[in-house]
Amino acid sequence: MLLEARELSVSFGGIKAVDSISFAVEPGEIFTIIGPNGAGKTTIFNLVSRIYNPTGGEIVFDGRPITRVPPQAIARMGIARTFQNIELFDHASVIDNLLVGCHIRSRTNLLADMLFLPVVQRQEETFRRKVEEIIEFLELEHHREATIGSLAYGIRKVVEIGRALALEPKLLLLDEPSSGLNPEETDDMVHWIRDIRDDLGVTIIMVEHDMSLVRRVSDRVLAMESGRIIALGAPDAVVSDPQVVRAYLGD
Ligand SMILES: Nc1ncnc2c1ncn2[C@@H]1O[C@H](COP(=O)(O)OP(=O)(O)OP(=O)(O)O)[C@@H](O)[C@H]1O
């Protein structure tokens, strides 16, 4: 098991956004969380990445309890994420945004960085190589020097995934990878998600509304409504489950 949530709960002002949820994600799995607006999907991501403190339950990652690990330590432990509304530095280039990802897991300290000691220089070279690998992997060669603000939305989404990969994560959390994409870009996204798992061996948990994408890439799907699990299993079975269909119709 790479990630396990045990009876995980969080409440906001009396509302149980996540209500005693348990699930386990296997290494190498593409695991998707679906559900109508407000079901608690993004809240699960915020719990796993330690932005929210749970009011109950436990999270175990790679055999270690992370329920009380500070959020800054999460990336270094091997969990990276993307956001619903893309969070990149708009005025910086693709390369520089990817380098930021590398620096998040930097092992050197600030003084060493300021003095640009040999250890820092070596690390910088390693980071540059890593960034080049990601640029090649995600076919971003044409955009390497472009500023984020000048890029089409679909490309920015790929760069954001690249920045998360620069952390060399074991687990990648993708928040609505297809949102804002046209059908052609969504097809490309299907390929990136598969390649990241197949070629890089990264486990993926994603939140997604596009049921065609969900069916095409997921190994298993967890459906939520009002903070609770209403179905968990194979994509086709979950997506056509009467309770899941009803939850979406009432949305
Ligand atoms: N920081 C917060 N403060 C107060 N309420 C919150 C907070 N975060 C989430 N909630 C509430 O928790 C519930 C679940 O929200 P969440 O964003 O997880 O839903 P979601 O399933 O991701 O929805 P969407 O598909 O719209 O993104 C909602 O009622 C939301 O208003």
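Order of appearance sets the numbers: ligands from 1, and atoms from 1 within every ligand.
- Taking R81 as the reference, N46, S49 meet the side chain to side chain donor-acceptor pair (under 3.5 Å) condition, with sequence neighbours excluded.
- Salt bridge present: E133 and K130 bring a charged side-chain N and a carboxylate O closer than 4.0 Å.
- Salt-bridge check for R216 with D187: passed, with a basic side-chain N closer than 4.0 Å to an acidic carboxylate O.
- Sorted by first and then second residue, the pairs that involve residues 141-152 and meet salt bridge (Lys or Arg N to Asp or Glu O under 4.0 Å), not counting sequence neighbours, are E132-R144.
- Protein residues with a heavy atom closer than 4.0 Å to ligand 1 are F12, A17, P36, N37, G38, A39, G40, K41, T42, T43, Y52, Q84, H209, listed by chain and number.
- Legend: residues meeting ring-ring contact (aromatic ring centres under 6.0 Å, His included) with F45, ordered by chain and number and at least two apart, are absent.
- Contact detail for L181 and G154: the closest heavy-atom pair is CD2-CA, 3.5 Å.
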